[in-house]
Amino acid sequence: MPAVSKGDGMRGLAVFISDIRNCKSKEAEIKRINKELANIRSKFKGDKALDGYSKKKYVCKLLFIFLLGHDIDFGHMEAVNLLSSNRYTEKQIGYLFISVLVNSNSELIRLINNGIKNDLASRNPTFMNLALHCIANVGSREMAEAFTADIPKILVAGDTMDSVKQSAALCLLRLNRTSPDLVPMGEWTSRVVHLLNDQHLGVVTAATSLITTLAQKNPEEFKTSVSLAVSRLSRIVTSASTDLQDYTYYFVPAPWLSVKLLRLLQCYPPPEEGAVRGRLTECLETILNKAQEPPKSKKVQHSNAKNAVLFEAISLIIHHDSEPNLLVRACNQLGQFLQHRETNLRYLALESMCTLASSEFSHEAVKTHIETVINALKTERDVSVRQRAVDLLYAMCDRSNAQQIVAEMLNYLETADYSIREEIVLKVAILAEKYAVDYTWYVDTILNLIRIAGDYVSEEVWYRVIQIVINRDDVQGYSAKTVFEALQAPACHENLVKVGGYILGEFGNLIAGDPRSSPLIQFNLLHSKFHLCSVPTRALLLSTYIKFVNLFPEIKATIQDVLRSDSQLRNADVELQQRAVEYLRLSCIASTDILATVLEEMPPFPERESSILTKLKKKKGPGKVPDMEETKKERNSDMNGSTEPVSVNSSAVTMSTPSSSTDLLGLGLAPVLNSVAPASAGGSLLVDVFSDNSPAVASLAPSAEENFSSPRIGSTDVVSDDPAAAVHDADELVNKFVCKNNGVLFENQLMQIGLKSEFRQNLGRMYIFYGNKTSTQFLSFSTAVICQDALKTQLNIQTKQVDPAVDGGAQVQQILNIECVSDFVEAPILNIQFRYGGALQNMSVKLPVTLNKFFQPTEMTSQDFFQRWKQLSIPQQEVQKIFKAKHPMDTEVTKAKIIGFGVALLDMVDPNPSNFTGAGVIHTKNIQVGCLLRLEPNTQAQMYRLTLRTSRETVSQRLCELLSEQF
Amino acid sequence: MVNKQGQTRLSKYFEHVEIHKRTSLEADVIKSCLSRTKGECSFVEYKDFKLVYRQYAALFIVIGVDEAENELAVYELVHNFVEVLDKYFSRVVTSQIMFNLDKVHIILDEMILNGHIVETNKSRILAPLLVIDKMAES
């Protein structure tokens, strides 16, 4: 090795560098540099031709100046001239200057290209290498245009020196990166792939980089590289460390090449061909085995190089995600690293395990390391390692460990680094929501988040908790109680005031019964925070106050006093002032009914993807939120764009917009608010098509197509095979009318049958409307009501025949008089016959005359109810059914259905307020049957339990059947 | 390559970065590495990429890599580079790097081109440089 002395070959350079190092100030440094630049410039411009040594010295000085961050605006031409020198050292310094200082859009490129062209053609490998390095470093488009044709040739030519091949491969890679359109794929591609078989490992290394990049863009074209890469890898992995001589690094055979080959294989799915696949599995197993062998050297370089290969192998195993055995082994290996004394290994193990957690094969195996990971969160000194631990906990979280993980994250949050707090808050919020079985836990968790890290709780998080509380009535009372308690803290975060204000405004009434949280106490508690809050929070609190006016009329005066105070009515902030003025007027003028409408409880929010998740994704960049993404994918459709949370105080906003302020006090406001209510809530239940008492079928317009089929005279009676001829006896039709008396019973292309009925004691009257939907007259129209078998004696139905002709578009009415003689199960059948276009139409539908229609509601006290309940304790008298909810479990809808069923809905009878109780008497001509019912919803399980007790077994049975179909 | 005072001693860019942005980028990168203690790991997330750094006495070598890069492989590549410098300069010190920027650049070009490894074998890396030295002697 030549003894390279401290640059005494270049004294001037040494002096200059030490001058710079001795400069006391930036100004002095700049001054010294400018002096030197002037000196060099004059030397370059001078008449005297510089010798090679001087040129080199000056270029070195310029490189140093450039390194210090000063632009160099001269010397380029001199450098270009050096390219044409025949002396290697001069040429080299010219290329060096250009590589470092010339950027890709320099005007000199054409001149440089000329130099490069000559050197590439020189067939002198050292010159060629210099030229190729220059292209790889500068890589401009003009260079690509000039050389894309030549470089592949050089790369695959048989007589090219190895070192030139290496440079050419990476040069091509550079051109492909800057000007992919100019690099043609062609016959050379297959020959490039075969470089993987090259004897020289340096060539293989460079080629692997090139192929990996190209394969990412054109996987099909480079598919053959897979088997070659596998066999190359296999040869390396199984070789003794001495076989590869110069490419063995601290007893690890060709670690960098192994890593590159493993990375290339990650461009492809697992090899299809069995032999290749087997060989690859063998390689991966060998790599995993080697990790368990005693190290061949104590040097850290040895283990680092070995582990570099191991981690890349694990990446490939995870990428393939197809060999459960390998995945679990990888997980165990990483598990060992989690406790390694090297911080680097712990960091990388946490990172790899994070991706491993999303594989179904290894998710469980990853979960076994939960304690270690939690421990890492507590004890790691390095924030980036802790960050990885948080990521991993998030990725391994599922229903089984959510409570533990969320608790640990909350714990950690108390001391977490500020830089990662917001992210942890988002993660906790997402996990708490995703895995909440018990929503009280969810509410507690979010309130804890606000308490611990209120500043890092973004709007998305507290919007979300409100959306969830509003949508889940089982948690509303609990939430009100919990926020009320949390607000007792002398100093609480403003976000808590927001959540508290909102929730109490909506559900404060649920805890107002407790004297410790009476309306006035709630109000005073909130108002004590008011003055410490920012304008948006105060605005929200004002809305809470007006909601209180509705919820708690007893404190109306107190609230009005507050609104009336100068600090509100004359607040400098226009939003607050406007709210105060409007709310005050609203509370003074509007009647309680109007108040109740305007300030109604917020309707449920539409279900949509949590905006928190979106926020986390934005924060982490795409692809970094592993686990959750898959599960949400199905709902992808509304992922983008619609993720803004619904403005939580939309009622307040509506009221405060200037445009609506004029009719604020009128009724005009109510519909605005009501329109927020979801259309789905009521379902079809309360839709009354006959509500205006006019025949609803009038709206049926004759449809045009019917005009074509004019009656064909002479065609004889043909009983149509139309499916309509079948009895429409599906119980659905009957079930639809169990809790209501009016509606459309049946409809097809030809006709619509509407119903309107009323019942009193054991008697009923049913109006049937037959609407002809066609433009053609129905002929021989006749109907019959048939009571089959036992029903004949149980029901007595009388009717008059209708007119046998029903004009196109017209409607006829038929009245049935019904008498219930005794209790019954089956429904009567309505049969209709008529001729349409010569064909005989025949159809039958079940008439919704059901036993419950003969209910008379009975009001009774709690005491009476349970006394009678006990009296009906013979097993046959009780029928119970447990069933799954078919519709959203909405309290109001349920109440309406029970009333529609015919019984009296008994309030405050059941000790559990979420249960429903009802009582009524079935009237028949022969007997009257008293009936008690109890419906117990379980919103968590989405189930109901319905119990009926009557004195007659058959009645209990039938009523239970009917009612259980309604929810 | 940076010393403990945060002065850049060698820089090599594989993507074009404007000169005036380089100084602030380098200062920023150095700051995030210098502030770390020995017990902390050698990988730092920095904006969209990752920094892998290794310390040799007062000198830090920092490499910015993308998400897909194998951190440990890069970490050892740094060491390989230092060993090559060591071999050439027979125990390298910072001032030698400063006085021989041209040679260090040649070594770097022989090892890494366009951000990818060209050669890891020490003798082959140094071969062209030895040719130059021989020519200079004659």
Side-chain angles (χ1 to χ4, degrees), chain A residues 1-4 6-7 10 13-14 17 56 59-60 63-64 66-67 69 71 88-89 92-93 96 99-100 103-104 126 129 133 136-137 139 163 166-167 170-171 173-174 177 202 205-206 209 246-247 249 255-256 259-260 263 301 304-305 307-308 311-312 343-344 346-348 381-382 384-385, chain B residues 7-12 14 16 19-20 22-23 26 36-37 39-45 48 68 70-77 79-80 87-90 95-96 98-103 105-106 109-110 113-114 116-124 127-128 130-133 135-137:
Chain A
M1 201 54 31
V4 182
K6 268 194 188 174
M10 283 195 238
L13 179 64
I17 290 174
K56 199 173 147 188
V59 169
C60 280
L63 283 179
F64 185 72
F66 184 75
L67 179 69
D71 214 348
Y88 179 67
T89 45
Q92 191 270 332
I93 207 78
L96 177 58
S99 295
V100 176
N103 63 41
S104 49
T126 3
N129 264 340
H133 287 182
N137 278 320
S163 61
Q166 287 167 272
S167 307
L170 295 174
C171 193
L173 175 49
R174 169 70 187 222
R177 198 177 79 191
T205 308
S209 292
D246 300 338
Y247 288 89
Y249 178 84
W256 292 286
V259 165
K260 284 198 173 296
R263 178 139 297 270
Q301 285 81 3
N304 277 343
N307 291 332
F311 275 110
E312 205 60 57
T343 315
N344 286 347
R346 295 198 302 273
Y347 172 91
L348 294 172
R381 276 175 301 164
D382 184 346
S384 37
V385 183
Chain B
Q7 293 162 314
T8 309
R9 289 303 172 222
L10 175 72
S11 67
K12 176 88 184 172
F14 298 105
H16 184 68
I19 176 96
H20 58 274
R22 292 188 181 197
T23 338
E26 283 165 23
R36 298 172 67 82
T37 62
E40 297 183 59
C41 75
S42 317
F43 319 121
V44 190
E45 271 149 61
D48 291 341
N70 182 312
E71 292 94 338
L72 274 182
V74 174
Y75 186 72
E76 274 318 307
L77 189 66
H79 189 72
N80 200 26
K87 188 168 175 183
Y88 182 71
F89 292 106
S90 16
S95 58
Q96 282 171 324
M98 291 169 69
F99 293 138
N100 296 285
L101 270 183
D102 54 334
K103 289 177 177 151
H105 270 287
I106 295 174
D109 272 350
E110 291 295 329
L113 258 191
N114 184 27
H116 292 270
I117 299 173
V118 188
E119 186 55 76
T120 55
N121 175 335
K122 297 186 190 71
S123 325
R124 286 178 50 86
L130 297 180
V131 173
I132 295 177
D133 289 333
M135 289 169 77
E137 274 169 36

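Just so it is clear: chains get the letters A, B, ... in the order the sequence lines come, proteins before strands, and each one is counted from 1. Here the structure is a predicted model, which means the values were calculated and not measured.
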TODO: Name the member of A:Phe64, A:Phe66, A:Tyr88 that forms the most heavy-atom pairs with chain B at distances under 4.5 Å.
DONE: A:Tyr88
Task: Interchain contact, B:Asn80 with chain A, by part (heavy-atom threshold 4.5 Å) - done: both
Open item on the list: Nearest 0.5 angstrom please: B:Ile106 CD1 to A:Ile93 CD1, how far?
Closed with: 7.0 Å
- [ ] Please round to the nearest 0.5 Å and tell me the distance separating atom CE of B:Met98 and atom CG of A:Leu13.
- [x] 9.0 Å
Task: Contact class of A:Leu348 relative to chain B, heavy atoms under 4.5 angstrom - done: side chain
TODO: Supply the atom-to-atom distance A:Gln166 CD to B:Leu113 CG, rounded to the nearest 0.5 angstrom.
DONE: 9.5 Å
TODO: Verify whether one side chain among A:Arg177 and B:Asn114 offers a donor that lies under 3.5 Å from an acceptor in the other.
DONE: yes
Task: Residue part contacting chain B, namely of A:Gln92, when any heavy atom lies under 4.5 Å - done: side chain
Open item on the list: How close do B:Phe99 and A:Ala14 get, counting heavy atoms only, and between which atoms?
Closed with: CE2-CA, 3.4 Å
- [ ] Identify the two heavy atoms, one from B:Arg36 and one from A:Ser384, that lie closest to each other, and give their separation to 0.1 Å.
- [x] NH2-OG, 3.3 Å
Open item on the list: Which one wins on heavy-atom pair count under 4.5 Å against chain B: A:Arg346, A:Arg381, A:Lys260, A:Glu312?
Closed with: A:Glu312
Open item on the list: Given heavy-atom pairs under 4.5 angstrom as the criterion, report whether the side chain, backbone, both or neither of A:Leu96 touches chain B.
Closed with: side chain
Open item on the list: Looking only at heavy atoms and a cut-off of under 4.5 Å, which of B:Arg124, B:Lys122, B:Glu26 has the most pairs with chain A?
Closed with: B:Arg124
TODO: Heavy-atom distances under 4.5 Å only: say whether B:Ala68 touches chain A with side chain, backbone, both or neither.
DONE: both
Open item on the list: Tell me which of these, B:Gln7, B:His116, B:Arg9, has more heavy-atom pairs under 4.5 Å with chain A than the rest.
Closed with: B:His116
TODO: Ignoring hydrogens and angles, state whether a donor on the side chain of B:Glu119 or A:Tyr247 is under 3.5 Å from an acceptor on the partner side chain.
DONE: yes
Task: Main-chain N/O of B:Cys41 paired with A:Asp382 side-chain donor or acceptor, under 3.5 Å - done: yes
TODO: Quick one: which of B:Leu10, B:Thr8, B:Thr23, B:Asp109 has the most heavy-atom pairs under 4.5 Å with chain A, could you say?
DONE: B:Asp109
TODO: Determine the option with the most heavy-atom pairs under 4.5 angstrom with chain A, choosing from B:His79, B:Arg22, B:His105, B:Glu110.
DONE: B:His79
Open item on the list: Tell me whether A:Asn344 contacts the main-chain N or O of B:Ser42 through its side chain, where contact means a donor paired with an acceptor under 3.5 Å.
Closed with: yes
Open item on the list: Do B:Val118 and A:Leu170 make a side-chain contact, defined as non-hydrogen atoms from C-beta onward lying under 4.5 Å apart?
Closed with: yes
Open item on the list: I'd like to know if the side chain of B:Glu76 reaches the main chain of A:Ala305, judged simply by a donor and an acceptor atom lying under 3.5 Å from each other, with no hydrogens or angles considered.
Closed with: no
Task: CG-CG distance between A:Leu67 and B:Leu101, expressed to the nearest 0.5 angstrom - done: 6.0 Å
Open item on the list: To the nearest 0.5 Å, what is the distance between CG on B:Asn70 and CZ on A:Phe311?
Closed with: 8.5 Å
Open item on the list: I need the residue from A:Leu173, A:Asn129, A:Val100, A:Thr89 with the largest number of non-hydrogen atom pairs under 4.5 Å to chain B.
Closed with: A:Leu173
TODO: Could you grab the distance from atom CG of A:Asn307 to atom OH of B:Tyr75, nearest 0.5 Å is fine?
DONE: 12.5 Å
Task: Part of A:Tyr347 within contact of chain B (heavy atom distance under 4.5 Å) - done: side chain
